[in-house]
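Data first, discussion second: the structure below is written as structure tokens.
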Amino acid sequence: MTDQTTDLFLALTPDRVLDGVEAAGLRCTGLCYPLNSFENRVYEVELDDGSRVIAKFYRPGRWTAEQILEEHQFLTDLQEDEIPVCPVRAFPDGSTLKRQDDVYYTLADRRGGRAPDELDFDAMIRLGRLVARMHNVAVTRPAEHRWTLSSQRFIHDHLAWLDDNEFMSASLRDRFAGVARDVAAAVDERMDGVTLHRIHGDLHLSNLLLRGGVLNMLDFDDMVVGPAVQDMWLALPGRDEYATRLRTKFLEGYEEFRDFDRSTLRLIEPLRAMRMLHFSGWLARRWHDPIFPATWSHLGTDRYWEEAIIDLMHALQHIAADDPKPDNGGGEPDLTNADFFWDM
């Protein structure tokens, strides 16, 4: 990715979006407005037949054409199995991916509805069924180019970038790296032997659309090869008793259509901690985009990274709490911060 390509992406305007859509063979009325998206640039565009489409311009340097097309293939597979998703829309020449000034873009059908604020027990059963059906399709085809949900990609690569770019003070960088490596070790240990396949990867409630009682799954941009449990815990991230009951209902619906390896529930806390790490790394890597420092101005402060370290220490305590306690006759003392950092 060149700096020039990045500049072109950051300088996208509705006029350039319309130019790209029309260059692909579609006529527009001129109506075009941006939708909320930090990673990519997404616009709603009206075509001259009165229909509206979503034009998505991919951030350069993140995905290759092969990786994007595997996202499109997954959506096509799901649509063919009548699973409610928002599929990509073919351009007049039959392709689903175009390029304007080295920036890839695609079109998708527009779907109405709203993101649910929460899901009750009945809706969670329905979501479990939907995710199971998605996974039944997911296992039918590999994704050879797409990322694997792993500690290397989502922790170690970020640590290397943060170190190379000196994004925080040296003392904080060492502490952050130490706790991050502990999280990575927990991820690696609990991922060992777990079945991996295509998954949505980012299935929180904001990526669900509810309309007429039907749940649609949106935004497969973070599609990865990973464990099935990733597509469960994000939709119900709580740890309290109510969240546990919701999880039971999800699994009840899921297991109507597909077996679920319940031993992978031990992955939830490591995956949660890895997501926290990935989020911080993602913000730092996107700092050149003006929308990021404007939205997360505190990221450039020591306080942000100190709080991130504390949050990860708490996450490690939850990970440790999932492990059975050895019977040594005298019980185990509660973990404290001193168990994670030598200087406390």
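None of these values were measured; they are calculated from a predicted model.
- Sorted by first then second residue, the side chain to side chain donor-acceptor pair (under 3.5 Å) pairs that include residues 217-228, not counting sequence neighbours, are Asn40-Asp221, Lys56-Asp221, Arg62-Asp221, Arg62-Asp222.
- The other members of the hydrophobic cluster of Leu35, by chain and number, are Leu31, Tyr33, Val42, Ile54 (side-chain heavy atoms under 4.5 Å, ILVMFWY only).
- When the shell of 6.0 Å around CG of Asp259 is examined, it contains 12 or fewer heavy atoms from other residues, nucleotides or ligands.
- No hydrogens or angles considered: nothing links the side chains of His278 and Arg153 as a donor-acceptor pair under 3.5 Å.
- Within the cation-pi definition used here (under 6.0 Å to the ring centroid, within 45° of the axis), Arg146 qualifies as a partner of Trp63.
- Counted by atom type alone, His200 and Asn207 present zero donor-acceptor pairs between their side chains at under 3.5 Å.
- Paired with Leu149 under the rule side chain to side chain contact (heavy atoms under 4.5 Å, CB included), one option of Leu196, Leu271, Leu267 passes, and it is Leu271.
- Not a single side chain to side chain donor-acceptor pair (under 3.5 Å) links Thr264 to another residue, sequence neighbours left out.
- Distance check: His197 NE2 to Met134 CE gives 8.5 Å after rounding to the nearest 0.5 Å.
- For Tyr104 and Phe9, the ring centers sit 6.0 Å or farther from each other.
- A salt bridge links Arg41 with Asp289; the closest basic N to acidic carboxylate O contact falls under 4.0 Å.
- Annotation: Phe250 is not in aromatic contact with Trp233 [ring centroid separation under 6.0 Å not met].
- For the 3.5 Å distance criterion, the side chains of Gln67 and Tyr58 fail to qualify, holding no donor opposite an acceptor.
- Remark: Arg190 does not engage Glu269 in a salt bridge, criterion side-chain N to carboxylate O under 4.0 Å.
- Remark: the Asp15 side chain and the Thr13 side chain contain no N/O donor-acceptor pair separated by less than 3.5 Å.
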